[in-house]
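Only a predicted model underlies this, so the values are computations on that prediction, with no experimental measurement involved. Note: hydrogens, waters and symmetry copies are ignored here, and every other heavy atom, side chains too, is used.
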Amino acid sequence: MLTRRVFLSGAFWTPLIPVPPLVAAESTWAKRLVRAARRQVGVTLFYDPAYVRLDFPLGDVPRERGVCTDVVVRAFRDAFAFDLQSEVNADMRAAFERYPANWGLTRPDRNIDHRRVPNLERYFERKGAALDTPQSSGDWQAGDICSMRLGGNLPHIGIVSDRMGADGAPLVIHNIGAGTREDSLLGVHQKERRFRFEPPQGG
């Protein structure tokens, strides 16, 4: 933990006063993921949930706009060249019946499947990335993926930051309606879930 030395009347005084630390990323890949997500702040300025026909693979809407899932998808692409669009599509083609049937589809749709929170949750589950949700907001780790339900029902997702808010909990990098931002979000909404997904080597 970082510390500050305090001097009183010119004399050195102990003990040292602790300085609140950053959230421990604990791994190089987690740091890379957080940095890639943070680079979207000030770039993605709008929330736009419109259905768009995308290139495949590596399809994307213009970077100045997007939804919460786009923050996650872009971070994995930028940090690791790991394409959740093609990865989710491949897994859904292999096991379509294991994915949520919320939208009445009969087959995968590579334009939108990776941009839906329940599908990303299921993909991360199937890759063994689901972890127990921390009992305390301060126990989340930088690089975690957190999902939740706004108002108890609306799915939302983001990436846990390596910076803390005033409440001592990590911030979350996400797009909740005003572009990509870094906000205090943990412990605020219902049905929080935690995922920690390290892309395969070479991904």
* Working to the nearest 0.5 Å, report the span between OG of Ser147 and CZ of Arg193. => 6.0 Å

* Asked: At what distance, to the nearest 0.5 angstrom, does OG1 of Thr44 lie from CZ of Arg65?
  -> 10.0 Å

* What closest approach, in Å, do Ala75 and Ile159 show between heavy atoms, and which atom pair accounts for it? -> CB-CD1, 3.6 Å

* **Worked check of side-chain contact (heavy atoms from CB on, under 4.5 Å) between Leu105 and Phe96** => CA-CA 10 Å; Leu105 301 179; Phe96 185 75; 4.2 Å; yes

* Donor-acceptor pair between His189 and His156 side chains, under 3.5 angstrom -> no

* Structure fact -> Nearest heavy-atom approach of Ala142 to Ala30 is O-CB, 3.6 Å

* Quick check: does any side chain N or O of Thr133 sit under 3.5 Å from a backbone N or O of Glu192, one acting as donor and the other as acceptor? -> yes

* Asked: Is there a side-chain contact between Phe82 and Pro200, using heavy atoms and a 4.5 Å cut-off?
  -> yes

* Shortest non-hydrogen separation from Ser184 to Gly165 and the atoms involved -> OG-CA, 4.0 Å

* Asked: What pairs of residues pass the salt bridge (Lys or Arg N to Asp or Glu O under 4.0 Å) test when at least one of them lies in residues 68-78, not counting sequence neighbours?
  -> Asp60-Arg74, Arg63-Asp78, Asp70-Arg115, Arg77-Asp83

* Asked: Would you find more than 12 non-hydrogen atoms of other residues, nucleotides or ligands less than 6.0 Å from Asp55 atom CG?
  -> no

* To do: Check for a donor-acceptor pair, side chain of Asp167 on one end and backbone N or O of Ala169 on the other, with a separation under 3.5 Å.
  => yes

* Are Val67 and Val71 co-members of a hydrophobic cluster defined by side-chain heavy atoms under 4.5 Å apart? -> no

* **From CZ (Phe197) to CZ (Phe80), nearest 0.5 Å** => 9.5 Å

* Might you work through the side-chain contact (heavy atoms from CB on, under 4.5 Å) test for Val34 and Arg163, ending with a clear yes or no? => CA-CA 10 Å; Val34 171; Arg163 297 174 179 169; over 6 Å; no

* Tracing side-chain links under 4.5 Å among I, L, V, M, F, W and Y, which residues wind up in one group with Val61? -> Val52, Leu54

* Structure fact -> dist Thr180:OG1 -> Phe46:CZ (nearest 0.5 Å) comes out at 12.0 Å

* Going from CG on Asp113 to CZ on Arg107, what distance comes out if it is rounded to the nearest 0.5 angstrom? -> 11.0 Å

* Are Leu58 and Leu84 grouped together when hydrophobic residues (ILVMFWY) are joined by side-chain heavy atoms under 4.5 angstrom apart? -> no

* Between Lys191 and Glu121, is there a salt bridge with N-O shorter than 4.0 Å? -> no

* **From CD1 (Ile157) to SG (Cys68), nearest 0.5 Å** => 6.5 Å

* Over all heavy atoms of both residues, which pair between Leu131 and Arg196 is shortest? Give the atoms and the distance, please. => CD1-CB, 3.7 Å

* **Residues forming a side-chain contact (heavy atoms from CB on, under 4.5 Å) with Pro134, sequence neighbours excluded** => Asp139, Trp140, Arg194

* To do: Please report the C-alpha distance between Ile176 and Leu150 in whole Å, then the side-chain angles of each, then the deciding distance to 0.1 Å, and finally whether the side-chain contact (heavy atoms from CB on, under 4.5 Å) criterion is met.
  => CA-CA 10 Å; Ile176 205 169; Leu150 309 182; 4.0 Å; yes

* Asked: Ignoring hydrogens and geometry, is there a side-chain-to-backbone donor-acceptor pair from Gln85 to Arg110 under 3.5 Å?
  -> yes

* Please say which of Tyr123, Phe76, Phe124 ends up in a ring-ring contact (aromatic ring centres under 6.0 Å, His included) with Phe195. => Phe124

* Structure fact -> Which of Arg38, Lys31, Arg35 passes side chain to side chain donor-acceptor pair (under 3.5 Å) with Asp162? It is Arg38

* To do: State, with a plain yes or no, whether a side-chain heavy atom of Val117 is found less than 4.5 Å away from one of Thr69.
  => yes

* Heavy-atom closest pair, residues Ala178 and Tyr47 -> N-CB, 4.4 Å

* Asked: Does a side-chain N-to-carboxylate-O contact under 4.0 Å join Asp91 and Arg98?
  -> no

* Asked: Can Glu87 and Arg126 be counted as an ion pair, charged N to O under 4.0 angstrom?
  -> no

* Asked: Is there a chain of hydrophobic side chains (I, L, V, M, F, W, Y, each step under 4.5 Å between heavy atoms) that links Val43 to Val73?
  -> no

* To do: Over all heavy atoms of both residues, which pair between Asn119 and Pro100 is shortest? Give the atoms and the distance, please.
  => OD1-CD, 3.5 Å

